[in-house]
Amino acid sequence: MSRSFREEARRAKSRIKSGFWLDCKEDMDKSLEQARKNGLNESKAGRYFTERICAQIAGEQEDEFYLKVKRMLLSEGEVSDAIGRLTDKEYFQTLSYEEKQRYTLSLSEKYLRALERFRREYEFDSLHENA
């Protein structure tokens, strides 16, 4: 999604006029206060909420793999066969032994990143909802 400099400036001006930044600051202050009350690391919470705002501004789309992992974690928690559940069985059957090993390792790495993201979001999103 390539936008011109002029278009980005227009969008930024619109955010300022609509009070977007004031709302963000107010939201951030509430979230940080809630983190403080819950004994959580405020700077870590601040970085997390800043990343979310930046992603919102950039119009980033959610990663389908992450959403799949999130649904699984919310419905069933951490399960011992997560990689098996996330494996594309049809695709997996078409691979050679070496390709299966690489696919499984890659899937494991993606799962661990998604799990870490989920844990971070779960910790801080609960603050955001309570604020």
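Fair warning: this is a prediction, and the values are worked out from it, not measured in the lab.
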* To do: Give the cluster check for Phe118 versus Ile83: same hydrophobic cluster or not, with ILVMFWY residues linked at side-chain heavy-atom distances below 4.5 Å.
  => yes
* **Same apolar cluster (I L V M F W Y, side chains within < 4.5 Å links), Leu22/Ile16** => no
* Side chains of Glu99 and Ser96: is there a donor and an acceptor less than 3.5 Å apart? ->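 A pair is found: one side chain offers a donor N or O, the other an acceptor, under 3.5 Å apart.
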* **salt bridge (Lys or Arg N to Asp or Glu O under 4.0 Å) between Glu51 and Arg117, intermediate numbers included** => CA-CA 12 Å; Glu51 287 174 15; Arg117 177 180 168 190; over 6 Å; no
Using modelled atom types and a 3.5 Å cut-off, is there a donor and acceptor pairing between side-chain atoms of [X] and backbone atoms of [Y]?
X: Asn41; Y: Ser43; answer: yes
X: Ser14; Y: Arg10; answer: no
X: Glu8; Y: Phe5; answer: no

* Would Glu76 and Arg71 pass as an ion pair if we require N to O under 4.0 Å? ->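 Salt bridge between Glu76 and Arg71, a charged N being under 4.0 Å from a carboxylate O: no.
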* Determine, for Glu26 against Lys30, whether the closest basic-nitrogen to carboxylate-oxygen distance falls under 4.0 angstrom. => yes
* **Criterion side-chain contact (heavy atoms from CB on, under 4.5 Å) on Asp88 and Tyr103, from CA distance to verdict** => CA-CA 10 Å; Asp88 180 343; Tyr103 175 82; 3.6 Å; yes
Considering non-hydrogen atoms only, spot the tightest contact between [X] and [Y] and give its length.
X: Phe65; Y: Ala114; answer: CE2-CB, 4.3 Å
X: Met72; Y: Tyr111; answer: CE-CE1, 3.9 Å
X: Leu32; Y: Gly46; answer: CD2-N, 3.6 Å

4.5 Å side-chain heavy-atom contact, [X] and [Y]:
X: Arg47; Y: Lys44; answer: yes
X: Glu64; Y: Lys68; answer: no
X: Asp63; Y: Leu67; answer: no

To the nearest 0.5 Å, how far apart are [atom1] in [X] and [atom2] in [Y]?
X: Asp27; Y: Phe20; atom1: CG; atom2: CZ; value: 9.5 Å
X: Gln34; Y: Asn38; atom1: CD; atom2: CG; value: 5.0 Å
X: Tyr48; Y: Glu121; atom1: OH; atom2: CD; value: 4.0 Å

* Other residues, nucleotides, ligands: >12 heavy atoms within 6.0 Å of Lys89 NZ -> yes
* Asked: Considering the options Gln101, Lys100, Arg102, which one meets the side chain to side chain contact (heavy atoms under 4.5 Å, CB included) requirement together with Glu98?
  ->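 For Glu98, the side chain to side chain contact (heavy atoms under 4.5 Å, CB included) test succeeds with only one of Gln101, Lys100, Arg102, which is Arg102.
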* Of Thr104, Asp81, Leu107, which meets side chain to side chain contact (heavy atoms under 4.5 Å, CB included) against Thr87? -> Leu107
* Would Glu116 and Arg113 count as a side-chain contact (heavy atoms from CB on, under 4.5 Å) if you check the C-alpha gap in whole Å, the side-chain angles of each, and the deciding distance to 0.1 Å? -> CA-CA 5 Å; Glu116 181 60 34; Arg113 282 193 304 273; 5.8 Å; no
